[in-house]
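Here's the structure, in C-alpha cells; my notes come after.
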There are 2 protein chains.
Amino acid sequence: MTETQPSSGFQQLDREGLVQRVAKLLSKAIISGQLAPGARLSESVVARELGVSRAPVREAARLLESSGLVTSEPNRGFFVRQVSAKALDDLYELRLAIETAVIVRLVQNWTEETDKMLSAQVRELHRVAIEDTDIFTQVEADMQFHRLMCTGSGNPKFLTVFEQIAIETEFSIMLIGQLYDDPTRIAETHEPILEALRAQDTNQAIEAIRYHLSEAQRIVTKQFRLLEEGKTSI
Amino acid sequence: MTETQPSSGFQQLDREGLVQRVAKLLSKAIISGQLAPGARLSESVVARELGVSRAPVREAARLLESSGLVTSEPNRGFFVRQVSAKALDDLYELRLAIETAVIVRLVQNWTEETDKMLSAQVRELHRVAIEDTDIFTQVEADMQFHRLMCTGSGNPKFLTVFEQIAIETEFSIMLIGQLYDDPTRIAETHEPILEALRAQDTNQAIEAIRYHLSEAQRIVTKQFRLLEEGKTSI
DNA sequence: GAATTGTAGATTGTCGACAATTTACTTGAC
DNA sequence: GTCAAGTAAATTGTCGACAATCTACAATTC
C-alpha cells in the first residue's frame, strides 16, 4: 500500500531517536560493569557526558527502569539495580515457567522456518564457543536461541516477558565477569532441546530445557555466591 | 534504621509524584473507556487539560507504555493500545503459565498468613458479587486474589509480570463493558483453587486454576468476538 | 483526473532555566 | 562526645520556548 517503488533493496536506516540511543549506551555501560550496582545515575552528569539535555536522559532512564536495569526513588533519582543471589534464583524460576509454556506452543507451531533458525543458532553457539572468548558475545548468542524459541511460539507476549528476563540475566552474568568454565558445554546442552522439538516430543523438550536452565543457574549462582562473600552486597 | 519514632500508625501520606498521579488518571481514563483504543494521546491536550506541563505527561505516557496500555511511535506520539481477540488469547496463555508456576511455589511456601489473606479475598469476591454491580470493583477484586497468590509465592518476579498482565486484562475487560453474566459464578470458581492449596495438593490446584482461567477466557473472548464483529477493529 | 511536489499548521523532540526536595555539612545544646 | 537543629550546595521535578518532524491540503505536472 505504502511501498509502490521498484524497491531496489534499500536497507532501512536508523530512525531511532535520541532517547533509544541514550538508553542503549546506558544499558551497555551498566551491563559491561562501568557503572557499579547501586551506583547513583545522575541525570546531569550523564547528560553532560553525552552532550545532551537532561530530558532524553530521564526518559532513557525510565525505559531502563521498566526493563529492570535501574530503579528509581522519587526525588532521589535513578540507581543501578542491585542484584542478589535470591533474585537470580527467582529469575531462573520465572524463566523456566515461561520457556516451558513456550515449548508447549512451539511444538504445536513447529515450522521448517523455525527449525532452520534454531539450527543455525546452535551452530552459531558452537562457533562463538570456539572462536570468540568475549563473554558478551557468548551470552548474547545463548539468549538469541531462547529468543528465537519465543518468537517461534507464535505468542508475542512470551517474547515481551523474555526480553525483560534476558536483559536482567545478561546484567547478572556480566556482573560475575567470567561465566562459563567451558563454553562448548553450554552450547551442547542446547542440542537436546532442539532435537526434542524436532521430534515433536513436548515432554522431552521440557525435560531438556529444565536441565539446560538448571545447569545455567547452577553455574551462575555458584559464581555469584562466591562474589557475594567478598562484598556485603553486590 | 531510619524509623526510630514510636510510630503510632500514621498512614504514609501521598508522596507520589506528579508523574504517578498523571499516569493513574490516564490509565483510569483508558481503562474506563473515555479514551477509545487507537486514539491519539496528544501531550499538549492532556497537559492543558490537567493543568501541568508536557514533561510529566510524557513520562506518565512512557510509564503506561511499559505497562502495555499505550503504544508509541517515534515522532508521532502515543496511542491508546489496540486489543485483538488473538492478543487476549495470548494473554491468558501467558497468565496460565505464570500462575501455574506460582501455585507450585505457593504450595511450598504455604503459611497461615497467606491462607487468611486468600480466604478473606474469596469472601470479598462473594460480597462484591452480591452487593456491588460495578464491573470495575468486581474485576479488581478478582485480580486481587491472583495478586495475593503471586505475593504469597515468595518470588517477586511473578508479581511483577502479573502486574502487567493484570493491567492489560482489566483494560480488555473494561472494553467489553459488561463482563460476567453471573458474578457469583466467578467467585465460586476461586474456591477450588484455595481448597486445593490448603490441602497442599499441587496438581489439583493447577487443575483448578486451569479451569478457572479457561472459564474466564471463554467468557471474555466470547463477548469480545461479538464486539469485534461490529467494528472492524476494536 | 491521478500522481507527485510544495507548503502551512500542528505535534513531538530537545533544551536551558527555575522551583522543590534531598543531602552533607556546620553549629549549638546537653 | 552525642544528638538535634539549622543551613548551603547539589540534585531532581517541572516548566515554557524553540527546533525537528509529521500531517493534511493545495498547487503543479503529466
Side-chain angles (χ1 to χ4, degrees), chain A residues 1-8 10 12-26 29-30 35-36 38-66 69-82, chain B residues 1-7 10 12-26 29-30 35-36 38-66 69-81:
Chain A
M1 199 59 129
T2 41
E3 280 298 314
T4 47
Q5 272 218 291
S7 158
S8 278
F10 269 120
Q12 194 117 18
L13 47 81
D14 274 15
R15 290 284 285 96
E16 64 181 359
L18 190 52
V19 173
Q20 356 287 342
R21 265 187 295 165
V22 173
K24 205 166 273 185
L25 277 174
L26 276 180
I30 293 174
L35 279 67
R40 165 175 240 121
L41 213 314
S42 167
E43 294 176 13
S44 24
V45 171
V46 174
R48 208 176 314 130
E49 213 126 311
L50 298 178
V52 297
S53 90
R54 278 174 46 216
V57 174
R58 266 180 83 84
E59 284 199 42
R62 274 270 143 74
L63 225 60
L64 295 195
E65 185 182 12
S66 75
L69 278 183
V70 311
T71 55
S72 80
E73 293 174 48
N75 290 319
R76 290 192 14 89
F78 297 91
F79 302 83
V80 179
R81 185 79 170 273
Q82 305 260 87
Chain B
M1 203 55 128
T2 42
E3 281 298 315
T4 46
Q5 274 217 288
S7 159
F10 268 121
Q12 192 117 15
L13 51 80
D14 272 19
R15 286 287 286 99
E16 62 183 359
L18 191 52
V19 174
Q20 357 286 345
R21 265 189 294 166
V22 173
K24 206 166 271 185
L25 278 173
L26 275 180
I30 293 175
L35 280 67
R40 168 178 237 118
L41 212 313
S42 167
E43 293 176 14
S44 23
V45 171
V46 174
R48 208 177 313 129
E49 213 126 312
L50 297 178
V52 297
S53 90
R54 278 174 46 218
V57 174
R58 267 178 83 83
E59 285 200 40
R62 274 270 144 75
L63 225 59
L64 295 195
E65 186 182 11
S66 75
L69 278 183
V70 311
T71 56
S72 80
E73 293 176 48
N75 290 320
R76 288 191 15 88
F78 297 92
F79 301 84
V80 179
R81 184 80 169 274

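Chain letters run A, B, ... following the sequence lines, proteins first and then strands; every chain starts at 1.
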(request) Measure from the side chain of B:R58, starting at C-beta and using heavy atoms only, and say which of D:dT11, D:dC15, C:dT14 lies closest. (result) C:dT14
(message) I want to check something: taking the side chain as every heavy atom from C-beta on, are A:F78 and A:E73 in contact at a cut-off of under 4.5 Å?
(response) no
(message) Is B:S44 close enough to C:dT12 that one of its side-chain N or O atoms is under 4.0 Å from OP1 or OP2 there?
(response) yes
(message) Can you measure A:R54 atom CZ to C:dC18 atom C1' for me and round it to whole angstrom units?
(response) 11 Å
(message) Does any part of the side chain of B:R81, heavy atoms only, come nearer than 4.5 Å to the side chain of B:L69, both counted from C-beta?
(response) no
(request) Just compare D:dT12, D:dC15, C:dC15 and give me whichever is closest to any side-chain atom of B:L18. (result) D:dC15
(request) Check the distance between C:dG13's C1' and B:E73's CD and give it to me in whole angstrom. (result) 16 Å
(message) Measure CD/B:E43 against C1'/D:dA17 and give the value in whole Å, please.
(response) 15 Å
(message) Tell me the interatomic distance from B:N75, atom CG, to C:dA10, atom P, rounded to whole angstroms.
(response) 19 Å
(message) Quick one: does any side-chain atom of A:Q82 pair with a main-chain N or O of A:G38 as donor and acceptor, under 3.5 Å?
(response) yes
(request) Answer whether the closest heavy-atom distance between the side chains of B:V80 and B:T71 falls below 4.5 Å. (result) no
(request) Rounded off to whole Å, could you give me the CG-to-P distance for the B:L41 and C:dT12 pair? (result) 9 Å
(message) For A:F78 and A:A55, find the nucleotide of DNA chain D closest to each by heavy atoms; which residue's nucleotide sits nearer the 5' end?
(response) A:F78
(request) Whole angstrom is fine here: how far is it from CZ in B:R48 over to P in D:dT14? (result) 20 Å
(request) Could you please name the option among D:dC15, C:dG16, C:dT12 that lies closest to any side-chain atom of A:S53? (result) C:dG16
(message) Nearest to the A:V52 side chain among C:dT11, C:dC15, C:dG13, which nucleotide is it?
(response) C:dC15
(request) Return the value, rounded to whole Å, for the distance between atom CZ of A:F79 and atom C1' of D:dT12. (result) 11 Å
